[in-house]
Amino acid sequence: MSITIEVNSGKIKKDRQQLDMHFLPANIKGNGEANVEQYFSAYTRKENGFLTNALRGYPLQGEIKKVPANITGVVLQETRKPLDEEAERILRVKGTFEEFTYWNYDKIPSASDGYTQALQIVQLADVLSETISEEEVLKELKANGK
């Protein structure tokens with residue numbers, strides 16, 4: 001199986017309109033447009049520093065999370081459904097986002113949530129992969145008395 005991602009650089013530029021993204025703890029079996037503004041976002045309230053809403057009667061608590069610096073969130077859309085697992089898949093960039101609303105069922109979002117930890121790992125990987133010159137290493141060793 002191969003996956004091809006078609007990228008139109010115009011859809012990734014930072015000055016483009018950002019998508020309003022939500023990460024919901026739900027599996028919705030649907031593939032169509034939804035009037036999110038009228039039927040979901042209009043009912044979002046802020047209480048005690050967190051967002052509240054409900055989905056199909058289940059209480060949600062959430063917060064807005066930023067995508068780590070130097071990273072752009074990308075939404076991909078499959079052009080056609082594959083016939084089987086081995087079929088070639090083609091994905092196109094639908095839009096970008098720099099922040100999203102992260103929701104939990106009946107639980108305040110915290111640092112122990114898997115999704116929050118995943119964002120922290122991205123930031124940690126960025127720091128760990130930063131190039132350091134030999135001069136900086138020697139300066140740090142000298143500053144620590146070694």
Side-chain angles (χ1 to χ4, degrees), residues 1-140:
M1 170 178 70
S2 69
I3 297 175
T4 302
I5 299 176
E6 295 179 353
V7 178
N8 176 345
S9 62
K11 290 204 177 199
I12 295 184
K13 289 185 178 177
K14 293 280 188 187
D15 58 350
R16 303 268 312 165
Q17 181 180 358
Q18 298 289 302
L19 298 175
D20 183 19
M21 299 297 299
H22 293 264
F23 177 81
L24 292 164
N27 182 8
I28 300 171
K29 296 187 190 246
N31 191 16
E33 295 290 321
N35 192 342
V36 174
E37 186 60 41
Q38 181 180 357
Y39 295 109
F40 185 76
S41 298
Y43 297 98
T44 300
R45 303 286 181 257
K46 192 163 192 168
E47 296 176 8
N48 301 323
F50 291 95
L51 302 172
T52 62
N53 204 326
L55 180 65
R56 296 181 178 168
Y58 291 95
L60 297 172
Q61 295 192 350
E63 66 182 347
I64 295 174
K65 297 217 176 260
K66 301 268 186 211
V67 174
N70 301 324
I71 293 177
T72 301
V74 178
V75 176
L76 302 173
Q77 183 177 30
E78 194 156 25
T79 57
R80 59 187 152 82
K81 193 170 185 140
L83 298 174
D84 59 39
E85 288 185 22
E86 299 302 317
E88 179 183 14
R89 300 178 78 176
I90 300 174
L91 306 172
R92 288 197 176 113
V93 174
K94 180 81 172 167
T96 63
F97 60 97
E98 292 178 2
E99 66 181 24
F100 62 96
T101 306
Y102 173 75
W103 295 100
N104 271 337
Y105 273 137
D106 200 22
K107 179 177 99 174
I108 294 174
S110 69
S112 64
D113 292 342
Y115 219 79
T116 302
Q117 291 175 353
L119 289 175
Q120 292 171 343
I121 287 172
V122 169
Q123 292 172 317
L124 180 62
D126 189 40
V127 169
L128 291 176
S129 65
E130 190 174 299
T131 304
I132 301 173
S133 70
E134 186 177 339
E135 294 162 348
E136 291 174 307
V137 172
L138 293 172
K139 183 179 175 183
E140 188 69 25

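Keep in mind that what you see is a predicted model, and the values were worked out from it rather than measured. Numbering of residues begins at 1 and proceeds along the displayed sequence.
- Note that the NZ atom of Lys107 and the CG atom of Leu60 stand 12.5 Å from one another [nearest 0.5 Å].
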Worked verdict on Ile28 versus Arg56 for side chain to side chain contact (heavy atoms under 4.5 Å, CB included): CA-CA 11 Å; Ile28 300 171; Arg56 296 181 178 168; 4.0 Å; yes
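- The shortest non-hydrogen separation linking Pro109 to Gly62 is CG-CA, 3.7 Å.
- Note: Asn104 CG to Thr116 OG1 = 7.5 Å, rounded to the nearest 0.5 Å.
- Closest approach of Ser41 to Asp20, counting heavy atoms only: OG-OD2, 4.3 Å.
- Nearest approach of Tyr105 to Pro25, heavy atoms of both residues: CE1-O, 2.9 Å.
- Asp113 contributes no side-chain N or O that, together with a main-chain N or O of Tyr115, makes up a donor-acceptor pair within less than 3.5 Å.
- Put simply, OG1 on Thr52 and NZ on Lys46 are 11.0 Å apart, with the number rounded to the nearest 0.5 Å.
- For Tyr58, the OH atom sits in a loose shell: 12 or fewer heavy atoms of surrounding residues, nucleotides or ligands are nearer than 6.0 Å.
- Residues Leu76 and Val93 form a side-chain contact, since some pair of their non-hydrogen atoms from C-beta on lies under 4.5 Å apart.
- Contact record, Glu88 with Arg80: O-NH1, 4.4 Å, taken as the closest heavy-atom pair.
- Heavy-atom minimum distance, Thr131 versus Glu136: O-OE1, 4.3 Å.
- Around the CD atom of Glu6, the shell of radius 6.0 Å holds more than 12 heavy atoms that belong to other residues, nucleotides or ligands.
- Taking both residues in full, the closest heavy atoms of Glu99 and Val67 are given as N-CG2, 4.1 Å, listed atom of the first, atom of the second, then distance.
- Within a 6.0 Å sphere centred on CD of Gln123, other residues, nucleotides and ligands contribute more than 12 heavy atoms.
- For Asn48, the CG atom is loosely surrounded, since the number of other residues' heavy atoms within 6.0 Å does not exceed 12.
- For the ring-ring contact (aromatic ring centres under 6.0 Å, His included) with His22, the qualifying choice from Phe40, Tyr102, Phe100 is Phe40, the only one to do so.
- Using a 4.5 Å cut-off on side-chain heavy atoms (C-beta onward), Leu51 and Asn53 make no contact.
- Taking CD of Glu63 as the reference point, atom CH2 of Trp103 lies at 10.5 Å (rounded to 0.5 Å).
- Taking CD1 from Ile108 and CD from Glu47, the interatomic distance works out to 10.0 Å, rounded to the nearest 0.5 Å.
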